[in-house]
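To start, the structure itself, in structure tokens.
Throughout, a chain's letter reflects where its sequence line sits, starting with A, and its residues are numbered from 1.
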There are 2 protein chains.
Amino acid sequence: MLSNHLQNGMETAKLLWSRLPNSDAEEDGEAVEELGRYGKSDGTSVESLDYEVIENYAYRQEQAKRGKLYTGYSVAVKWFFALLAGIGTGLAAVFINISVENFAGWKYSLTFDIIQKSYLAGFLVYMLINLALVLSSAYIITNFAPAAAGSGIPEIKGYLNGIDTHGILLFRTLIGKIFGSIGSVGGGLALGKEGPLVHTGACIASLLGQGGTTKYHLSSRWLQVFRSERDRRDLVTCGCAAGVAAAFRAPVGGVLFALEEVTSWWRSQLMWRVFFTSAIVAVVVRTAMGWCKSGKCGHFGSGGFIIWDISDGQEDYSFQELLPMAVIGVIGGLLGALFNQLTIYITHWRRNYLHKKGNRVKIIEVCIVSVITSVISFGLPLFRKCTSCPEADPNSGIECPRPPGMYGNYVNFYCSNKKEYNDLATIFFNTQDDAIRNLFSAKTVHEFSAQSLLTFLVMFYTLAVVTFGTTVPAGQFVPGIMIGSTYGRLVGKFVVSFYERLNIEEGTYALLGAASFLGGSMRMTVSLCVIMVEITNNLKLLPLIMLVLLISKAVGDAFNEGLYEEQARLRGIPLLESRPKYQMRNMTAKEACGNQKVVYFPRVVKVADVLYILRSNNHNGFPVIDHTRSGETLVIGLILRSHLLVLLQSKADFQHSPLPCESRSGTLPIRHNLTEFVKPVSSKGISIHDVHLTADDLEMYIDLAPFLNPSPYVVPEDMSLTKVYNLFRQLGLRHILVVPRASRVIGMITRKDLLIEDNEDSNGVELQSTSVRAEEGDRRKFRRRINAEQPLLDGLLV
Amino acid sequence: MLSNHLQNGMETAKLLWSRLPNSDAEEDGEAVEELGRYGKSDGTSVESLDYEVIENYAYRQEQAKRGKLYTGYSVAVKWFFALLAGIGTGLAAVFINISVENFAGWKYSLTFDIIQKSYLAGFLVYMLINLALVLSSAYIITNFAPAAAGSGIPEIKGYLNGIDTHGILLFRTLIGKIFGSIGSVGGGLALGKEGPLVHTGACIASLLGQGGTTKYHLSSRWLQVFRSERDRRDLVTCGCAAGVAAAFRAPVGGVLFALEEVTSWWRSQLMWRVFFTSAIVAVVVRTAMGWCKSGKCGHFGSGGFIIWDISDGQEDYSFQELLPMAVIGVIGGLLGALFNQLTIYITHWRRNYLHKKGNRVKIIEVCIVSVITSVISFGLPLFRKCTSCPEADPNSGIECPRPPGMYGNYVNFYCSNKKEYNDLATIFFNTQDDAIRNLFSAKTVHEFSAQSLLTFLVMFYTLAVVTFGTTVPAGQFVPGIMIGSTYGRLVGKFVVSFYERLNIEEGTYALLGAASFLGGSMRMTVSLCVIMVEITNNLKLLPLIMLVLLISKAVGDAFNEGLYEEQARLRGIPLLESRPKYQMRNMTAKEACGNQKVVYFPRVVKVADVLYILRSNNHNGFPVIDHTRSGETLVIGLILRSHLLVLLQSKADFQHSPLPCESRSGTLPIRHNLTEFVKPVSSKGISIHDVHLTADDLEMYIDLAPFLNPSPYVVPEDMSLTKVYNLFRQLGLRHILVVPRASRVIGMITRKDLLIEDNEDSNGVELQSTSVRAEEGDRRKFRRRINAEQPLLDGLLV
């Protein structure tokens with residue numbers, strides 16, 4: 001028999017950890033696994049802390065008191081927060097879009113006014129407005145919210161995969177992202193606002209989950225619902241989907257994006273809530289756009305949200321067209337892979353040379369890129385000869401040239417004749433959304449010359465590569481669509497002239513080109529497919545988009561990984577791929593551990609030893625091992641670095657005796673406020689340097705039993721590493737203990753043992769509620785009796 | 001140290017089980033978990049056998065020889081089979097649809113011809129045709145393919161959850177399903193062909209995966225790719241999605257259905273292949289329909305596939321409409337839950353009283369239902385007074401009354417005037433697809449009277465409940481849509497007359513009603529939403545459909561479980577829900593095992609003992625325990641009942657000595673053809689009664705070491721049951737061994753340990769390929785040296 005001391009301590013730990021481990025009742029089980037989500041910290045990212053550890057105790061009280069009613073309440077609150085996240089993201093998206101459209105619209109109309117008199121003055125004004133917008137964006141990012149640079153999708157992916165990059169979900173990041181992307185997109189750089197919107201959605205959701213920017217902004221009752229890290233992650237998943245839904249007005253695409261791209265594990269209940277959030281976004285955006293139709297939003301009108309309705313385009317396709325479509329897929333794969341490769345090089349170079357030199361260099365870099373972009377987009381169309389307008393088709397509703405101050409095809413720019421248009425300016429000297437609309441447009445055969453398209457392709461591709469990685473919020477969706485639709489339209493031109501009789505629209509090929517480039521670069525599949533269908537509002541092209549994506553992804557995969565994976569790797573975010581490596585099948589769990597010595601704690605440990613061990617390595621979790629009376633060792637659980645730091649800092653649990661502490665009631669007293677163990681998202685938590693101990697303190701002891709996770713996941717040492725990998729990934733773990741083979745089998749659990757009927761339920765709940773209610777009172781010195789009917793460790797402690 | 005014997009045996013087992021456990025290289029790891037998928041068998045269902053056990057050995061040879069090339073080949077074959085499954089399901093769907101439409105079309109046109117002269121003769125012909133079709137269907141099912149009755153979705157769900165119901169994926173079931181559903185749907189019963197199509201797709205996929213109906217139909221090289229149970233399950237998942245895609249022409253809906261409804265676990269690589277299959281189906285169906293447009297398919301034309309294009313319907317909605325829409329949601333939840341409850345009662349009653357009396361009673365029952373259906377659908381419209389046609393709107397393209405022999409609104413039935421129509425006949429005396437199209441139709445305000453709709457609702461609801469569970473293939477989608485759209489249209493009528501000014505279409509409400517009833521009955525969410533959007537080709541109604549679904553699902557969930565879950569439970573298919581029960585959080589793994597005594601085998605066991613143990617219980621897996629030299633026990637693995645039966649039947653491994661067998665090369669000889677351990681899908685495998693042993697045999701021994709799974713999943717005895725549940729479900733396990741707490745920790749695995757770079761790879765592969773190649777030859781007596789550099793059990797056997 002093990003000592004009663006250990007049993008008592010374990011009992012407490014069990015109460016805290018495993019018996020009522022989760023904060024809600026809607027999705028019971030998965031919470032528990034999150035307990036294990038800790039790894040060794042590395043230099044680049046602070047890993048997130050899942051802190052259901054101690055507070056379960058509080059939940060137990062709460063939940064026992066409220067019973068089933070509380071369950072319903074907590075589910076309702078979750079849905080309410082999903083609603084709020086949807087509304088918030090939708091409003092943010094509307095705000096960004098209105099701002100961008102107004103800045104851009106004002107810029108272009110002013111420029112067009114001025115170039116009636118002087119092209120040079122027009123250029124200067126155009127360039128300066130762009131520069132001012134970009135400068136403001138870069139200034140915000142460098143000085144206020146450095147975590148808001150880039151698209152943010154790799155970081156969010158990392159967060160949902162279990163790695164909390166410092167600062168990505170802070171309030172200042174949200175603000176920086178919103179205003180930064182208004183500046184960078186409004187300033188005409190070759191980047192999009194869609195990736196940033198996903199990040200924005202995630203930020204909004206995370207802040208809601210935390211109850212605001214400061215820790216105790218909302219009432220504690222609200223907070224408690226989202227104290228669980230898993231609930232927060234769920235909310236952030238909702239936020240991501242909302243971001244995509246807002247960016248593309250694609251609710252289904254948003255759900256699938258969250259499912260395919262960002263999360264590493266998934267539950268069907270969450271799926272429905274994510275879908276709900278996406279639909280809310282769709283409603284908010286739709287309402288806002290309806291409101292803007294009356295002209296209250298300035299330049300924001302038919303433009304704005306990227307939705308390129310080609311439902312009146314090509315209805316049908318023939319088998320002959322499949323070959324050129326396959327060609328588009330191959331081009332997309334090649335150009336996409338090249339894009340990824342070039343951005344890797346340029347990111348490397350930036351990090352190693354340029355960005356080391358400080359913020360000023362970063363700002364100057366962005367400004368130079370902005371000026372170059374302005375020069376190219378204004379200058380190149382000047383060299384292009386204008387084309388005379390095609391014969392007007394009164395039914396199509398397309399005017400040539402387009403009326404001044406409006407959006408549309410056929411831009412009259414630097415043309416001698418009124419009835420002419422500049423095809424290069426139509427795509428270059430325009431907002432990207434309008435340019436894409438023009439490229440996708442049906443019934444405008446031969447609008448663009450091959451020469452213009454090729455020029456644009458080369459220049460814009462270069463600009464997109466150069467712009468990628470500058471210190472502004474930047475999405476790659478819209479530039480990708482621009483690039484793809486350009487060569488798609490180019491191929492479409494040839495197809496139209498080759499198969500003359502067929503009802504072929506160049507716009508369809510532009511759409512397929514866009515899909516192929518995104519597929520070749522981002523390697524998303526289902527979600528991208530659905531997003532393309534939703535933004536073009538044409539379900540009939542789905543099989544074609546799939547074909548193209550299939551080819552471009554396969555071609556791209558032959559060269560390198562997807563854009564987000566590459567970027568995550570460059571940023572040191574250790575994402576686990578969905579499948580284990582080939583050589584893992586030849587390795588065992590023990591081999592994966594290597595020769596590392598396991599650093600473990602005894603149950604009662606000297607403070608000085610704790611400090612020494614924490615300083616001498618950077619592991620995040622430590623096994624705790626105790627001795628039975630017969631002298632055998634026993635692994636009693638896992639303790640986390642962060643919890644040890646809390647214990648060291650608070651000193652409340654220090655004791656003089658090197659023996660396990662004991663209490664008459666059988667359970668150890670808990671001297672901690674449960675919230676002490678809670679770490680907010682995106683902060684670094686307590687550092688070892690924050691701990692200040694006196695010489696006396698160092699001579700004292702801590703009994704770790706109440707604070708450890710009593711049942712971490714274990715695997716036998718000779719289990720295949722592929723098996724371990726899947727366990728790790730499927731359950732979203734941070735630590736697995738490798739232990740020797742068992743000496744005996746206590747029982748077998750099969751499917752039938754897990755099919756328990758509900759009717760036993762009410763009994764257990766009643767029992768708890770009475771036993772807890774009797775002991776309400778001082779929370780800090782709360783003691784709890786062992787339920788006599790729960791002899792937890794009896795079997796263990798033979 | 002353990003004896004060398006054990007080590008040798010373990011080494012062999014390890015080679016066979018864990019080191020190269022899966023048959024493919026695309027998704028490496030998950031295969032391994034499937035090894036554990038065995039439970040205790042119960043009376044109602046034979047559990048499936050995952051048989052990667054022994055043949056891994058063969059794969060190892062194959063794969064080592066072919067290396068990376070083989071990987072690519074196996075991936076290509078998988079995609080090819082996904083393609084085949086898509087084409088097959090698409091063709092089956094086209095065949096079923098053409099047949100049904102032709103039978104139904106011929107039936108209605110004949111009846112309409114006859115009723116010009118005599119309504120009584122018309123009725124008799126109508127009733128007899130229906131009866132003949134239904135009778136043929138019931139005859140096929142009862143005498144030829146009993147597993148093809150019902151929708152098949154609960155069984156497929158069970159299969160993908162790990163429970164193989166006998167006979168559901170056989171060739172005869174496929175044939176029975178196809179022809180049976182042609183009869184039952186063509187015969188005008190209140191059931192649909194969509195559920196059966198999902199089953200059909202799954203059957204086609206499974207048969208392809210098995211290489212045909214007989215075991216060795218295709219060449220062995222083809223077979224090997226799909227010998228792994230996991231690959232077959234993946235293919236069946238593809239088949240399911242293909243079935244939905246074919247039934248509704250909804251590729252995205254198909255993918256989401258497979259994801260949300262049928263599978264219990266999921267990988268993103270599979271998702272993409274599933275999507276591919278769905279898209280292939282879409283292409284096949286589209287091609288076939290294009291071909292049929294020229295009139296080559298008889299009555300099959302604008303009807304046929306259920307796609308109710310309402311893209312020219314209501315574009316916009318106002319906030320005032322949300323209230324009636326919420327009302328529709330509530331009605332849907334109530335009626336759906338009632339439907340589930342009534343079908344439970346009726347299924348119970350059928351099983352306990354009616355169907356015990358044999359096939360003749362079943363056939364008579366179906367015939368009676370058919371006659372009743374005919375009487376109601378023909379008779380009730382006779383009592384209905386005709387309405388005069390509304391003023392013709394030349395733009396709408398809707399004629400009143402519809403021309404004879406055509407599909408469409410405004411059926412002239414038993415009317416005195418040529419310019420009149422019978423609104424009840426328009427929905428009742430019509431194929432269900434056409435009836436739904438009429439209910440959904442826009443621009444036909446006030447076509448249906450409230451009285452007719454109400455009559456139809458009551459009668460059809462009753463018919464649908466009565467028809468459910470008869471011995472014919474039967475889907476619940478289309479009846480559900482019928483019921484839902486009827487009350488939806490009813491609500492729509494009130495809304496139209498209440499909010500007079502708004503641009504409201506009754507058809508929109510009918511659509512929402514359909515969504516609400518399906519939501520209230522099947523409780524699907526995302527997939528149903530997407531399916532509704534895809535079949536109506538109107539993305540703009542998505543938020544409304546979601547709202548309605550949200551409400552109806554919530555209302556329905558307050559009463560009972562979803563239709564498929566209820567049916568699965570009635571059929572004894574133990575599906576694991578996605579979340580653990582509430583009381584599991586208060587239980588430990590040990591408590592779940594209960595007081596059952598663990599039946600285990602020693603490593604070398606007497607044949608008589610094996611036989612005795614197998615006879616005395618019905619467990620499907622047994623731990624194997626061996627002794628070290630120091631007398632300690634050690635759990636060395638898990639052996640499966642089915643494998644023991646194979647060993648008993650073949651007798652090849654019997655030995656006279658009670659000591660572990662040994663060989664000089666260090667590995668035990670394998671005397672088995674690996675395919676002996678393979679069990680085809682949907683068969684019962686070897687029974688204990690098939691084993692015939694002589695008295696001499698009973699005195700011999702078997703060394704189990706080469707045949708066991710050396711690393712089954714283990715959990716410590718005091719782990720929370722919620723944690724165990726999630727482990728079980730997330731990894732799709734069949735057995736978990738409950739063991740005592742470990743005495744020491746050998747190592748810790750964290751995220752970083754699993755981030756292995758690819759470059760170590762080539763080395764390992766080279767090594768294997770040389771060592772194996774040297775030993776090629778006789779497969780049965782294959783021996784393999786222990787690689788000196790893989791001291792697997794050294795750490796274990798201290």
Practice prompt. With rounding to the nearest 0.5 Å, note down the distance linking CG in B/L727 to CG in A/L727.
Written response: 6.0 Å

Worksheet item: What option among B/A279, B/S278, B/A282 has the most heavy-atom pairs under 4.5 Å with chain A?
Response: B/A279

Practice prompt. For B/L550, enumerate each residue passing the side chain to side chain contact (heavy atoms under 4.5 Å, CB included) test, keeping only those at least two apart in sequence or located in another chain.
Written response: A/W79, A/W272, A/F276

Fill in: Part of A/F275 within contact of chain B (heavy atom distance under 4.5 Å)
both

Item to complete: Sort B/T287 into side chain, backbone, both or neither according to what part of it lies under 4.5 angstrom from a heavy atom of chain A.
Response: side chain

Item to complete: Heavy atoms only: give me the nearest B/P712-A/P716 pair and the separation to one decimal.
Response: O-CG, 4.5 Å

Worksheet item: Is the backbone of B/I636 close enough, under 3.5 Å, to the side chain of A/R741 for a donor and an acceptor to pair up by distance?
Response: yes

Worksheet item: Hey, what do you get for CG (B/L259) to CG (A/L259), rounding to the nearest 0.5 Å?
Response: 5.5 Å

Worksheet item: Using non-hydrogen atoms only, which part of B/V526 is less than 4.5 Å away from chain A: side chain, backbone, both, or neither?
Response: both

Worksheet item: Just by distance, do the side chain of B/T633 and the backbone of A/S743 share a donor-acceptor pair under 3.5 Å?
Response: yes

Discussion item. With rounding to the nearest 0.5 angstrom, report the CZ to CD distance, B/R744 to A/E717.
Written reply: 6.5 Å

Worksheet item: So, do B/L256 and A/M271 sit near enough that their side-chain heavy atoms are less than 4.5 Å apart?
Response: yes

Discussion item. Could you check whether any side-chain heavy atom of B/F622 comes within less than 4.5 Å of a side-chain heavy atom of A/M748, counting everything from C-beta outward?
Written reply: no

Worksheet item: Of the backbone (N, CA, C, O) and the side chain (C-beta and beyond), which part of B/L549 lies under 4.5 Å from a heavy atom of chain A, both, or neither?
Response: both

Practice prompt. Could you check if a side-chain atom of A/L547 sits within less than 4.5 angstrom of a side-chain atom of B/V283, using non-hydrogen atoms only?
Written response: no

Worksheet item: Which pair of heavy atoms, one from B/I749 and one from A/A589, lies closest together, and at what distance?
Response: CD1-O, 3.7 Å

Worksheet item: Among A/V745, A/L542, A/V598, A/V714, which has the most heavy-atom pairs under 4.5 Å with chain B?
Response: A/V745

